[in-house]
Structure formats: C-alpha cells, structure tokens
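Only a predicted model underlies this, so the values are computations on that prediction, with no experimental measurement involved. Note that the numbering runs from 1 along the sequence shown for the chain.
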Amino acid sequence: LAEQGKEGVRKSLTKTADIILHETGSAPRFFRPPFWDSNSELEQVVNSFGYRMMKIGNPDINSLDYDDVAHKRSHIVLVQRMREQVRSREKNGVSNLVFVVHERFLTVSALAELIPTLKADRYTFVRLDHVA
C-alpha cells in the first residue's frame with residue numbers, strides 16, 4: 001500500500017477483478033495480500049470491494065508448504081502441522097477456515113492424507129466459490 005497508495009491499490013484490484021471475471025465468469029470474493037503483508041488501510045480498501053481479506057493464522061491457515069519443499073521435508077511434516085493448526089483454531093472456537101496451499105507434489109501428497117483424516121473427524125470441505 002505504501003508504494004501504490006489507496007488509489008493504486010483500488011486500480012490494481014479493479015484490473016485484477018476484471019481479468020478474473022473475464023477468464024472465469026465469476027468475480028473474486030477473497031484477497032490474500034502478497035507475502036501476507038497487510039495493514040488497516042489495505043484492509044479498508046479490500047473491504048470496500050466486498051472481499052474477504054485472508055489473514056495469516058486468524059483464522060486462515062498458511063500451510064508453509066513452500067518451506068517444506070525448500071527444505072525437502074516429508075509430506076508427513078505438513079500433515080502434522082496442518083492438523084495441529086486446525087485443532088488449535090477449533091480450541092479457540094474457529095470452525096470455518098481456509099487452507100492456503102501451493103501447487104506442489106508434496107502438498108498434494110499431504111492433502112491426500114489430511115483430508116480423509118479430517119473428514120473422519122467430522123470436518124467438511126467446500127470450495128471457496130461455494131462459501132456463503
């Protein structure tokens with residue numbers, strides 16, 4: 001925001017929304033700030049577009065899968081971390097959250113294990129475009 005100012009952010013969000021709408025037929029509803037870098041001014045602009053601002057750790061889960069890939073960790077590490085994050089949020093009364101993941105083989109392997117485990121624990125999964 002500091003580099004572009006509020007008007008620059010508005011222009012960027014408008015241009016991006018137009019591209020997404022043109023390519024997908026649906027308008028965006030969520031915004032994740034680059035590098036999770038946000039402040040109240042940015043949130044105000046994002047909210048004016050009617051978007052839900054993704055917030056690291058509250059309640060959204062940054063999987064950190066990119067770090068696991070960079071350090072050649074097993075997908076089991078990712079599974080365990082994400083399960084712990086889900087349980088932590090549940091203890092704090094958070095029942096709706098978003099997993100932020102990247103398109104990596106390790107992540108696909110982790111989700112193949114994590115999703116059935118969480119479903120067995122009675123969690124449900126929906127696509128973002130099906131969130132009310």
Show me the pairs that pass ring pair (Phe, Tyr, Trp, His ring centres under 6.0 Å) and involve residues 91-123, at least two apart or across chains.
Tyr66-His102
Ignoring hydrogens and geometry, is there a side-chain-to-backbone donor-acceptor pair from Asp60 to Leu97 under 3.5 Å?
no
Could you tell me whether a side-chain N or O of Arg81 sits under 3.5 Å from a main-chain N or O of Ser63, the two making a donor and an acceptor?
yes
State plainly whether one hydrophobic cluster holds both Leu13 and Leu21, where clusters connect Ile, Leu, Val, Met, Phe, Trp and Tyr through side-chain heavy atoms under 4.5 angstrom apart.
no
In Å, rounded to the nearest 0.5 Å, how long is the span from CG of Leu42 to CD of Gln44?
10.0 Å
Spacing of CD1 belonging to Ile61 relative to CZ belonging to Arg83, to within rounding of 0.5 Å:
12.0 Å
Would you kindly confirm whether Leu118 and Ile115 end up in one hydrophobic cluster when ILVMFWY residues are joined by side chain heavy atoms under 4.5 Å apart?
yes
Go through the steps to decide whether Arg52 and Arg29 satisfy the test side-chain contact (heavy atoms from CB on, under 4.5 Å), and finish with yes or no.
CA-CA 6 Å; Arg52 173 180 164 189; Arg29 295 176 43 216; over 6 Å; no
Could you give the side-chain donor-acceptor pairs of residues 69-79 under 3.5 Å, partners two or more places apart or in another chain?
residue	atom	partner	partner atom	Å
His71	ND1	Asp67	O	3.0
His71	ND1	Asp67	OD1	3.2
Arg73	NH1	Asp67	OD2	2.8
Arg73	NH1	Asp68	OD1	2.9
Arg73	NH2	Asp67	OD2	3.3
Ser74	OG	Ile76	N	3.0
His75	NE2	Glu113	OE1	3.3

Any side-chain to backbone donor/acceptor pair from Thr107 onto Asp65? Under 3.5 Å, distance only.
no
For the residue pair Phe49 and Arg10, establish whether any side-chain heavy-atom pair is separated by less than 4.5 Å.
yes
Apply side-chain contact (heavy atoms from CB on, under 4.5 Å) to Glu7 and Lys11, showing your working.
CA-CA 6 Å; Glu7 191 55 36; Lys11 286 179 182 178; 3.9 Å; yes
Within this structure, what is the CG-CG distance for the pair Leu106 and Leu111, rounded to the nearest 0.5 Å?
9.5 Å
I'd like to know if the side chain of Ser48 reaches the main chain of Val45, judged simply by a donor and an acceptor atom lying under 3.5 Å from each other, with no hydrogens or angles considered.
yes
Measuring from Met53:CE to Arg32:CZ, what's the distance to the nearest 0.5 Å?
11.0 Å
Distance-only, no hydrogens or angles: does the Asn39 side chain make a donor-acceptor pair with backbone N or O of Glu41 under 3.5 Å?
yes
To the nearest 0.5 Å, how far apart are OG in Ser26 and CD1 in Ile20?
10.0 Å
As an exercise, state the distance from CZ of Arg89 to CZ of Arg87, rounded to the nearest 0.5 Å.
13.5 Å
Please report the shortest heavy-atom distance between Tyr51 and Ala17, naming the atom on each side.
OH-CB, 3.3 Å
Are more than 12 heavy atoms from other residues, nucleotides or ligands located less than 6.0 Å from atom CZ of Phe35?
no
If we ignore hydrogens and angles and just use 3.5 Å, is the side chain of Ser88 paired with the main-chain N or O of Glu84 as donor and acceptor?
no
Test side-chain contact (heavy atoms from CB on, under 4.5 Å) applied to Val100 and Met54, step by step
CA-CA 9 Å; Val100 179; Met54 306 292 291; 3.8 Å; yes
